[in-house]
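Order of the sequence lines fixes the chain letters, A, B, ..., with proteins taken first and strands second; residue numbering starts at 1 for each chain. In this text the structure is predicted, and so the values were computed from the model without any measurement.
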Number of protein chains: 2
Amino acid sequence: MTAVQGARARARIEITAAIKDEARRQLAADGAAKLSLRAVARELGMVSSALYRYFPSRDDLLTALIIDAYDAVGAAAEKAHATAETDAPRAHLTRWTAVCRAVRAWALAHPHEYALIYGSPVPGYTAPQDTVGPASRTGLLLVSIARAAYRDKGVAPPPLPAPLTGEAARLAAALGPDLPPALSIALVSAWAQLFGLISFEVFGQFNRVVEDRDAFFDSAAERLGREVGLLPKP
Amino acid sequence: MTAVQGARARARIEITAAIKDEARRQLAADGAAKLSLRAVARELGMVSSALYRYFPSRDDLLTALIIDAYDAVGAAAEKAHATAETDAPRAHLTRWTAVCRAVRAWALAHPHEYALIYGSPVPGYTAPQDTVGPASRTGLLLVSIARAAYRDKGVAPPPLPAPLTGEAARLAAALGPDLPPALSIALVSAWAQLFGLISFEVFGQFNRVVEDRDAFFDSAAERLGREVGLLPKP
DNA sequence: GTCTATAACGAGATAGAC
DNA sequence: GTCTATCTCGTTATAGAC
C-alpha cells in the first residue's frame with residue numbers, strides 16, 4: 001500500500017519536474033511573457049486542464065520556476081565558493097570574485113531565468129513568502145565571505161555616514177552577530193551594485209558601450225570586494 | 001490642400017498622443033504584462049483594430065512607451081542637474097548626487113515605466129535602434145558631470161587595471177575626447193551600479209532588508225560620485 | 001481519491017473586407 | 001475608422017478512468 005502511494009508520489013514528482021523542464025525550455029526560447037500553459041501541455045502530450053492538478057495557476061508555475069532559479073544561482077555561487085583556491089593573503093578576495101564570476105556566468109547562460117528573478121516582477125507580482133529563503137542564498141554567501149575575512153584579520157570597515165548608524169546596527173544584527181555595522185551597509189550596497197553590473201550586461205544596456213565585458217566585470221567585482229574590506233590595508 | 005493634410009496630420013498626432021497617454025495610465029496601474037490594446041481602445045471609445053492604424057502591433061506601442069520613459073528619466077535628470085546648487089568646492093559632487101536622486105525619485109514614482117526600460121526586456125527583446133538615443137541621455141549626463149569636474153581641477157582618475165587599458169581607451173574616445181581613459185571605465189561602472197541600487201529598491205529586493213532607504217541611497221550615490229573623482233583629494 | 005479528457009466561457013491580438 | 005472572423009490563451013465545470 002505504501003508502495004502504491006510511493007509509486008503515485010513518484011509519478012507526480014516526475015510529471016511535475018517534466019512540466020517545469022518544458023516550461024523552462026519555453027522560457028529560454030520566448031521569455032516569461034510568452035510562457036503558455038497550453039503550449040507546455042501540448043509539448044508534453046497532455047491537455048491543458050491536466051496541468052492544473054500540478055500547478056493551480058500559471059502564476060504558481062512561474063513561482064516554482066522563480067524558486068528554482070534562485071536555487072540555481074545560489075548553488076552555482078556556493079559551488080564556486082567551495083572550489084575557489086584558498087592560498088594566502090588574498091584568499092577572501094579570491095573567493096569573493098569567484099562567487100561574483102559564478103553568478104555572472106550563470107546569468108549569461110540563463111538570461112531568461114535571470115530576468116525572472118532579477119528583472120521586473122512579472123505576473124501580478126506578489127512575491128510569495130516561499131521565495132525569500134532561496135532568494136537570500138547568494139546574498140548570505142557574500143555576507144559569510146565578508147564575515148570570515150573580518151574574523152581572520154579585523155580589516156578596517158569603511159567609514160559609516162552619520163545618518164546610517166541606526167540602519168547599520170539593525171542590519172548587522174540581522175545579518176550576523178559578529179559583523180561590524182559599517183560593514184553590513186557596505187555589503188548590502190556591494191550586493192546591489194554587483195547585480196546592477198550583471199543586469200546591465202544581461203539586459204543589453206552594455207551593447208555598443210562595453211566590449212571587453214569579462215575584464216570589465218572582473219575588475220569591478222574585485223573593486224567591490226575591496227570595498228567590503230576583503231584585503232588588509234597595506 | 002496642404003491645410004487638409006495638415007489637419008489630418010494634426011489629428012493623427014493628437015490621437016497617437018491620446019493612445020500613448022491612456023496606455024501609460026494602464027501601465028502605471030497594472031504593469032506592462034497587462035497592457036491591452038483592447039482596453040486602451042475601449043477607454044478611448046474606439047474599436048481595438050483601429051489602434052493598428054497608429055501602432056502596427058502591441059509591441060510597437062510598448063516600444064513607443066519605452067522611448068518616452070527614457071526621455072522622462074532623462075528630462076528629470078537634466079532638470080535636477082540644471083537646478084542643483086553650484087557653490088564651491090563640492091559643486092560637481094552636489095550635481096552628481098542631485099542627478100542620482102532625481103533618477104531614483106522618478107523610478108519610485110513610476111515603477112512600471114522604470115521596469116519597462118531597466119527591467120527585463122519585454123517582448124522578443126530586440127531593442128530597436130530608435131531607443132539608443134533616449135536611452136543614453138542619462139548616462140551622458142553623468143559623463144558630462146565627470147568631464148566638467150576633471151576639466152576644473154584635474155582630479156586623479158582611479159587606478160586602471162592592466163587588462164582594461166584597451167577598453168578604457170576605446171570608451172574614452174567614444175564618450176568624449178577630454179576624458180581620461182581610467183575615468184571612462186569608472187563612469188560606466190558607476191552608472192551600472194547606480195541603477196543596480198535603484199532596481200533592487202524598485203523591484204523589492206530591499207524588502208525586509210533595507211529600511212532607511214533614503215539615507216542608504218544618498219550615501220551610496222555619494223560614494224559612487226567620489227569614486228569617479230568628483231571631489232579633489234584632500 | 002486522483003488523474004485525465006471534453007467542452008465551454010471570456011478576453012485578447014491580429015488580419016482583412018468594407 | 002468599423003465589423004467580422006480567426007486564433008491563442010487562462011481558467012473552470014463536468015464527467016469518466018484508474
Side-chain angles (χ1 to χ4, degrees), chain A residues 1-20 22-27 29-66 112 116 121-126 128, chain B residues 4-5 7-23 25-27 29-66 112 116 122-126:
Chain A
M1 179 134 161
T2 48
V4 174
Q5 288 184 352
R8 264 206 265 266
R10 230 182 342 261
R12 189 175 170 77
I13 291 176
E14 270 174 29
I15 298 184
T16 306
I19 293 172
K20 287 202 289 188
E22 177 58 31
R24 238 186 307 271
R25 279 199 27 233
Q26 295 195 14
L27 192 65
D30 300 323
K34 317 221 154 162
L35 201 177
S36 132
L37 282 192
R38 291 184 110 109
V40 171
R42 210 161 27 226
E43 212 68 21
L44 262 52
M46 313 191 210
V47 83
S48 69
S49 59
L51 288 198
Y52 284 79
R53 290 281 149 183
Y54 301 89
F55 297 95
S57 81
R58 179 180 182 274
D59 283 5
D60 289 274
L61 174 54
L62 271 177
T63 301
L65 295 182
I66 288 175
H112 286 107
L116 207 54
V122 199
Y125 66 104
T126 30
Chain B
V4 173
Q5 288 187 349
R8 273 203 201 126
R10 224 176 355 251
R12 188 174 173 79
I13 290 175
E14 271 173 28
I15 297 185
T16 305
I19 293 172
K20 287 203 292 186
D21 283 349
E22 177 57 31
R25 279 200 24 235
Q26 295 194 14
L27 187 66
D30 301 322
K34 317 220 153 165
L35 202 177
S36 127
L37 284 190
R38 297 180 94 102
V40 171
R42 207 158 34 220
E43 213 68 22
L44 263 53
M46 315 188 206
V47 84
S48 69
S49 54
L51 291 199
Y52 286 80
R53 305 281 153 167
Y54 300 89
F55 297 95
S57 82
R58 179 180 180 276
D59 283 3
D60 289 275
L61 175 53
L62 272 178
T63 300
L65 293 182
I66 288 175
H112 287 112
L116 207 55
V122 199
Y125 71 102
T126 31

Examine the base of D:dC9 for any acceptor or donor lying under 3.5 Å from a partner atom in the side chain of A:S48, and report the outcome as yes or no.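 No, no donor-acceptor pair under 3.5 Å.
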When you check the phosphate oxygens OP1 and OP2 of [N], does a side-chain N or O of [X] lie under 4.0 Å from one of them?
X	N	value
B:Y52	D:dC3	no
A:R12	C:dT2	no
A:S36	D:dG10	yes
B:R42	C:dA11	no
B:R38	C:dA11	no

Just how far, in rounded Å, is [atom2] of [N] from [atom1] of [X]?
X	N	atom1	atom2	value
A:R58	C:dG12	CZ	P	15 Å
B:F55	C:dA13	CZ	P	14 Å
A:R8	D:dA17	CZ	P	17 Å
A:K34	D:dC7	NZ	P	19 Å
A:E14	C:dT2	CD	P	19 Å
A:L44	C:dA5	CG	P	11 Å
B:R53	C:dA17	CZ	P	12 Å
B:L37	C:dG12	CG	C1'	9 Å

Answer whether the closest heavy-atom distance between the side chains of A:I15 and A:R53 falls below 4.5 Å.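 A:I15 does not reach A:R53 side chain to side chain.
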Tell me, do B:T16 and B:F55 make a side-chain contact under 4.5 Å, heavy atoms counted? yes
[X] near the nucleic acid: base, sugar-phosphate alone, or nothing, with a heavy-atom cut-off under 4.0 Å?
X	answer
A:Y54	sugar-phosphate
A:S57	sugar-phosphate
A:L51	nothing
B:L61	nothing

Exercise: do A:D60 and A:T63 side chains pair donor with acceptor under 3.5 Å: no
Nearest non-hydrogen partners of A:A32 and A:R58, listed with the distance: O-NH2, 2.9 Å
Could you measure the distance from the CG atom of A:L37 to the CD atom of A:Q26? Nearest 0.5 Å is fine. 9.5 Å
